[in-house]
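Have a look at the structure below, then the notes.
Proteins get letters first, then strands, A, B, ... in listed order; numbering begins at 1 in each. Quick caveat, the model's predicted, so the values are computed rather than measured.
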Amino acid sequence: MKQSEYFVPTLRETPADAQIPSHQLMLRSGMVRQLASGIFSFLPLGFRVLNKVINIIREEMNKIGGQEFLLPALNPIEIWEQTGRVESMGDVMFHIKNRDGLVLAPTHEEIITYHAKQHVKSYRDMPQIWYQIQTKFRNEPRPKSGVLRGRQFIMKDAYSMDTSWEGLDVSYNKHAEAYKAIFNRAGIKFFVVGASSGAMGGRQSQEFMVESDSGEDTCAISDSGYAANIEVAQSAISAVGRISDDLPLELFPTPTAKTIDDLVQQYGFSEERCAKSVVYIADGQPILLFMRGNDELNETKLQSILGTSNLRPALAHELIQYTGADHGSIGPINLKSNIRIIADNLLKDANGLISGANKDGYHYKNIDFTRDCSIPEYQDLRTVKAGEPDIVDGSPIRVVKAIELGHIFKLGTKYSEALGASFLDSESNEHPIIMGSYGIGVERVMACFIEQHCDTAGIIWENSLTPFHIHILGLNESKFPDVKNFAESLYSELIIAGYEVLYDDRNESPGIKFNDADLIGIPVQVIIGNKNLTQGYVEIKNRKTGDRKIIKTDEIMEEIKNLYSSIQ
RNA sequence: CGGGGUGUAGCGCAGUCCGGUUAGCGCACCUGCUUUGGGAGCAGGGGGCCGGGGGUUCGAAUCCCUCCACCCCGACCA
């Protein structure tokens with residue numbers, strides 16, 4: 001491709017709206033333009049990269065037996081009503097205004113299941129892996145970080161259909177392997193975490209994550225290889241346990257202590273002996289939760305314990321209604337009403353605890369959970385913190401932010417049951433199809449690569465995703481016809497040799513060409529200038545290392561090949 | 001949805017408090033000449049409903065009301 005004829009509007013200055021490196025560089029290198037919040041146009045250079053990502057994904061999906069579909073983005077709402085997701089998705093789903101009954105699909109479990117119901121009727125028809133690479137629409141409340149979180153984005157979504165849970169395990173593991181292959185080929189450093197199955201229903205789920213301050217997910221990882229989304233992460237921190245002193249329960253006034261910190265500061269209690277009380281309302285029912293004083297409630301864990309995502313902290317009047325006290329004085333003893341109580345595992349059967357007296361301005365101390373009150377249920381409610389020992393070998397946990405690149409998910413039968421997609425087994429018994437669902441954010445792969453591979457000058461592509469393999473810079477061609485002639489013949493020769501070549505034949509000053517080349521970041525630059533050429537030399541530059549090499553013109557093809565293949 | 005910020009030429013910005021020539025600067029763009037190995041120089045030139053609407057005023061980019069868009073933090077995120 002001759003750059004003089006190619007639409008690559010590079011920007012010298014960073015657009016003010018872009019905050020993170022990948023967004024800034026995708027704009028500056030002329031790969032994308034924003035059309036509206038969370039909506040991007042891909043320009044030719046960016047689309048080339050996107051297609052490289054897509055091709056890698058397609059090849060790896062085909063390798064595990066995936067069959068590529070193209071499903072419509074415009075969907076009849078009835079199908080979504082049957083699975084209850086019109087309601088559960090709420091505002092995230094776009095609804096068509098001037099044609100009742102149509103929505104824009106945010107994902108495709110329903111549509112896949114619809115087609116499966118039509119034609120997958122026998123155990124002999126399975127297993128199946130169906131996938132597509134297609135545009136999704138989600139009305140994100142707050143798009144951000146360039147293409148990382150958009151209202152319209154390309155997703156590779158795949159769905160497996162099996163006759164048994166063992167079969168689902170096989171399909172799931174195939175996807176896990178395919179995903180590793182995809183992200184490795186793309187050149188992205190990633191890690192895999194155990195994740196919450198959330199409101200999707202289903203059993204097991206893992207997310208493929210890229211560590212990044214721009215990420216919206218938080219993960220707990222450690223050197224032992226432990227890695228989990230913070231929503232489900234556990235640690236091996238030891239329980240509060242029992243102390244030998246067996247003092248009697250004691251009510252004491254705490255007129256100015258509203259928080260655990262107040263108790264610690266004013267009375268010198270140890271933080272971990274304070275039992276923090278939290279009241280939540282889940283599906284309209286109050287729940288009283290006890291946490292170790294310095295711990296934070298993990299709402300996702302609470303959701304899975306309670307089996308509902310409809311929960312919220314109680315309001316002030318509800319606290320008084322159910323416990324008899326305001327926040328800051330709530331505890332396990334003398335509760336005003338008989339409400340469900342769950343305590344965190346770390347408090348199991350503990351004594352010597354301090355907690356509210358359900359009477360404003362009073363606390364109890366020396367509380368013994370086995371003596372003074374009844375705690376019917378202990379669960380893991382807390383959010384792990386950095387530095388705690390992990391559950392593999394006690395290695396300290398690091399808490400990092402991460403971008404979710406992909407998610408694999410054992411769906412089970414939620415959608416097949418809702419939509420009636422069932423099959424007959426060899427004994428003519430009817431069963432719902434057992435499904436899995438597997439997504440990859442295509443633009444995110446591109447953006448994450450750039451986040452991990454850039455410097456102050458621009459992007460540093462590797463061979464797998466680079467928009468072109470070789471960048472020829474012809475310097476001052478209008479003045480030196482020999483430069484132009486050599487550049488053009490090299491350009492043709494490289495193309496014949498099978499390379500994808502971008503040839504900067506623009507009538508621009510050398511400085512502009514150098515800077516644009518570093519910004520665009522094609523791994524191999526071939527710089528053809530008159531001074532070198534008249535001596536029989538040209539220069540090649542490794543974009544990543546910045547190394548330059550002066551090479552005899554008759555050895556240029558060989559040297560390019562060496563440099564190109566050394567880059568990977 | 002709550003909080004904060006910004007809308008002035010393709011991009012980056014000044015001007016707005018405190019109303020008053022013809023709205024400015026850098027880059028980019030066009031023409032000519034000179035240049036040419038890390039974003040060249042000189043000369044000339046084009047490009048603006050100052051986000052939209054309404055108001056106040058002799059007069060509004062500037063003051064008031066209102067709507068919109070975009071960015072950031074939070075809430076949310078199958």
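The distance between the ring centers of Phe449(A) and Phe183(A) does not fall below 6.0 angstrom.
Nucleotide rC1(B) is matched to rG74(B) when pairs are restricted to Watson-Crick or G-U wobble geometry with both distances under 3.5 angstrom. Of the nucleotides present, rU6(B) is the one that pairs with rA69(B) by Watson-Crick or G-U wobble criteria, both distances under 3.5 Å. Under the Watson-Crick or G-U wobble criterion, with both distances below 3.5 Å, rG47(B) has no partner in any strand shown. A 3.5 Å limit on both hydrogen-bonding distances identifies rC42(B) as the Watson-Crick or G-U partner of rG32(B). Across all strands shown, rU62(B) forms no Watson-Crick or G-U wobble pair with both key distances under 3.5 Å. Pairing for rC25(B) goes to rG12(B), judged as Watson-Crick or G-U wobble with the two contacts each under 3.5 Å. Taking a pair to require two hydrogen-bonding distances under 3.5 Å in either a Watson-Crick or a G-U wobble arrangement, rG19(B) remains unpaired.
Distance Met89(A) CE to rC76(B) C1': 14 Å, rounded to the nearest Å. In this structure, Asp17(A) atom CG and rC11(B) atom P are separated by 10 Å, rounded to whole Å. One can place CD of Glu207(A) at 10 Å from P of rA78(B), the figure rounded to the nearest angstrom. In this structure, Arg444(A) atom CZ and rA78(B) atom P are separated by 12 Å, rounded to whole Å. If you measure from atom CD of Gln152(A) to atom C1' of rC77(B), you get 18 Å, rounded to the nearest angstrom. Rounded to an integer number of Å, the gap from NZ of Lys513(A) to P of rA40(B) is 13 Å. Atom CG in Asn507(A) sits about 11 Å away from atom C1' in rU35(B), given to the nearest Å. If you take NZ of Lys479(A) and P of rU35(B), they are 7 Å apart, rounded to a whole angstrom.
Within 4.0 Å (heavy atoms only), Asn515(A) reaches at least one base atom of the nucleic acid. Counting any heavy atom pair closer than 4.0 Å across all strands shown, Ser37(A) reaches sugar-phosphate atoms only and no base atom. Counting any heavy atom pair closer than 4.0 Å across all strands shown, Asn530(A) reaches no nucleic acid atom. Contacts of Ser145(A) with the nucleic acid, taken as non-hydrogen atoms under 4.0 Å apart, involve only primed sugar atoms and P, OP1 or OP2. Within 4.0 Å of Pro141(A), counting heavy atoms only, lies at least one base atom of the nucleic acid. Within the nucleic acid shown, Gln34(A) comes within 4.0 Å of sugar-phosphate atoms alone, with no base atom in reach, counting heavy atoms only. Using a 4.0 Å heavy-atom distance criterion, Lys136(A) is classed as making no nucleic acid contact. Residue Asp516(A) is classed as a base contact, given a heavy-atom separation below 4.0 Å to a base.
For a distance-only test at 3.5 Å, the side chain of Glu508(A) fails to qualify as a donor-acceptor partner of the base of rG39(B). The base of rC11(B) does not come close enough to the side chain of Arg28(A) for any donor and acceptor atom to sit less than 3.5 Å apart. Not a single donor-acceptor pair, N or O on each side, falls under 3.5 Å between the base of rG39(B) and the side chain of Glu13(A). Arg12(A) contributes no side-chain N or O that forms a donor-acceptor pair with the base of rA28(B) under 3.5 Å.
Taking only side-chain nitrogens and oxygens, Ser509(A) comes nearer than 4.0 Å to OP1 or OP2 of rA40(B). Put simply, Arg142(A) has no side-chain N or O that comes within less than 4.0 Å of OP1 or OP2 on rA75(B).
Side-chain atoms of Ser205(A) and His407(A) include a donor-acceptor pair closer than 3.5 Å. One side chain, Gln525(A) or Asp518(A), offers a donor N or O that lies under 3.5 Å from an acceptor on the other.
Comparing Thr14(A) and Ala36(A) by the nucleotide of RNA chain B whose heavy atom lies nearest to each, the residue mapping closer to the 5' end is Thr14(A). Taking for each of Ile527(A) and Ser88(A) the nucleotide of RNA chain B with the nearest heavy atom, the 5'-most of the two is the partner of Ile527(A).
When the nucleotides rG37(B), rA40(B), rC11(B) are ranked by their closest atom to the side chain of Leu475(A), rG37(B) comes out on top.
Checked against Ile287(A) for a side-chain contact (heavy atoms from CB on, under 4.5 Å), the options Leu306(A), Leu311(A), Val279(A) give a single hit: Leu306(A).
Without hydrogens or angle criteria, His108(A) side chain to Pro72(A) main chain gives a donor-acceptor distance under 3.5 Å. A distance-only check finds no donor-acceptor pair linking the side chain of Gln132(A) to the backbone of Gln134(A) [under 3.5 Å].
The pair Asp516(A)-Arg506(A) meets the salt-bridge criterion, with a side-chain N (NZ, NE, NH1 or NH2) lying under 4.0 Å from an Asp/Glu carboxylate O.
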